[in-house]
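Worksheet: the structure to be examined is printed underneath.
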There are 2 protein chains.
Amino acid sequence: MIKIEIANALMQTLPVSKATALQVVDLLTDRMKKALLDGERIEIRGFGVFEPRPRKRGLGRNIKTGQSVEIPKGKSIRFKAGKDLRDIEVK
Amino acid sequence: MIKIEIANALMQTLPVSKATALQVVDLLTDRMKKALLDGERIEIRGFGVFEPRPRKRGLGRNIKTGQSVEIPKGKSIRFKAGKDLRDIEVK
DNA sequence: GCTTCCATGATCAAAATCGAAATCGCCAAT
DNA sequence: ATTGGCGATTTCGATTTTGATCATGGAAGC
């Protein structure tokens with residue numbers, strides 16, 4: 001599923017143009033990105049939680065040289081699936 | 001950031017009622033949930049990728065008894081942050 | 001705005017994943 | 001059709017993940 005498909009889903013339910021639907025998707029992802037970059041946590045019950053968290057590991061590896069590489073301090077975004085997405089049965 | 005705040009962001013940019021804005025958010029999360037539950041991968045460039053993946057581990061723990069608990073086979077949803085969200089500087 | 005309801009956080013241990021690097025093919029987005 | 005983001009690849013060890021249970025605070029309704 002890609003952006004256009006999400007926009008299509010929106011069009012099928014609400015009376016909006018494709019252009020508007022795409023604007024909506026872009027707007028929401030943009031706002032969420034900004035919030036996460038700002039260190040804010042995003043919680044949408046039933047869907048999941050996005051959470052910026054400090055990166056604790058500090059060692060990586062250079063695939064070419066095989067050398068250990070220092071992983072600079074930073075943060076990573078973690079997504080925790082909500083209840084509805086957690087218990088997925090194997091088909 | 002919670003659902004209402006996302007809806008507000010939508011209202012601030014597009015001429016929609018709060019009710020409609022909330023509908024939009026619910027609709028999108030619902031569609032995305034369905035896609036993921038259906039085993040579909042969701043890729044939004046610049047934001048991130050949601051991917052259902054088989055759960056490989058089969059052991060959990062009962063917090064009360066401390067006993068190991070068999071975890072039935074299943075899937076879990078993994079979110080991989082896109083480029084814009086990946087390298088977050090430490091403030 | 002306030003209240004109710006229910007999803008989420010914490011906890012345990014151990015196995016699995018992540019993280020970085022550089023590069024190319026593939027595909028999402030425009 | 002063009003652009004450039006994303007997956008995969010390798011290695012190794014520290015971090016994370018994973019479910020059950022209860023209390024709590026966030027989400028939703030009035």
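Naming convention: chains lettered A, B, ... in sequence-line order (proteins, then strands); numbering from 1 in each chain. Any value given below was found using the heavy atoms of this structure, including those in side chains, with hydrogens, waters and symmetry copies removed.
The interatomic distance linking B:Glu40 (CD) with C:dA28 (P) rounds to 11 Å, in whole Å. Regarding B:Phe47, its CZ atom lies at a distance of 20 Å from the C1' atom of C:dT30, rounded to whole Å. Rounded to a whole Å, the CZ atom of A:Phe79 is 10 Å from the P atom of C:dT8. Note: CD1 (A:Ile4) to P (C:dC27) measures 15 Å, nearest angstrom. Atom C1' of nucleotide D:dG5 and atom NZ of A:Lys33 are separated by 12 Å, given to the nearest angstrom. Put simply, CD on A:Glu51 is 17 Å from P on D:dT15, counting in whole angstrom units. Look at CD on B:Glu43: it is 13 Å from P on C:dT30, rounded to the nearest Å. Atom CZ of A:Arg53 and atom C1' of C:dT17 are 13 Å apart (whole Å).
Aromatic ring pairs are classed by plane angle as parallel below 30°, tilted from 30° to 60° and perpendicular above 60°; the pair A:Phe79 and A:Phe47 is tilted.
For B:Lys3 and B:Glu5, the salt-bridge test fails: no basic side-chain N is under 4.0 Å from an acidic carboxylate O. Between B:Asp38 and B:Lys34 no salt bridge is recorded (no basic side-chain N to carboxylate O distance below 4.0 Å).
Judged by closest nucleotide on DNA chain D, B:Arg41 is the one of A:Ile44 and B:Arg41 placed further toward the 5' end. Place A:Leu22 and A:Gly48 on DNA chain C by their nearest nucleotides, and A:Gly48 ends up nearer the 5' end. Each of A:Val49 and B:Arg78 was matched to the nucleotide of DNA chain C holding its nearest heavy atom; the match closer to the 5' end belongs to A:Val49.
The phosphate of C:dA28 has neither OP1 nor OP2 within less than 4.0 Å of any side-chain N or O from A:Lys3. Here B:Ser76 reaches the OP1 or OP2 of D:dT18: one of its side-chain N or O atoms lies under 4.0 Å away. The phosphate of D:dC6 (OP1 or OP2) has no side-chain N or O of B:Lys80 nearer than 4.0 angstrom.
Between B:Ile2 atom CD1 and A:Ile42 atom CD1 the span is 11.5 Å, to the nearest 0.5 Å.
B:Ala9 and A:Arg31 get closest at one heavy-atom pair: CB-NE, 3.3 Å.
Side-chain atoms of B:Arg45 stay outside donor-acceptor range of the base of D:dC6, with no qualifying N/O pair under 3.5 Å.
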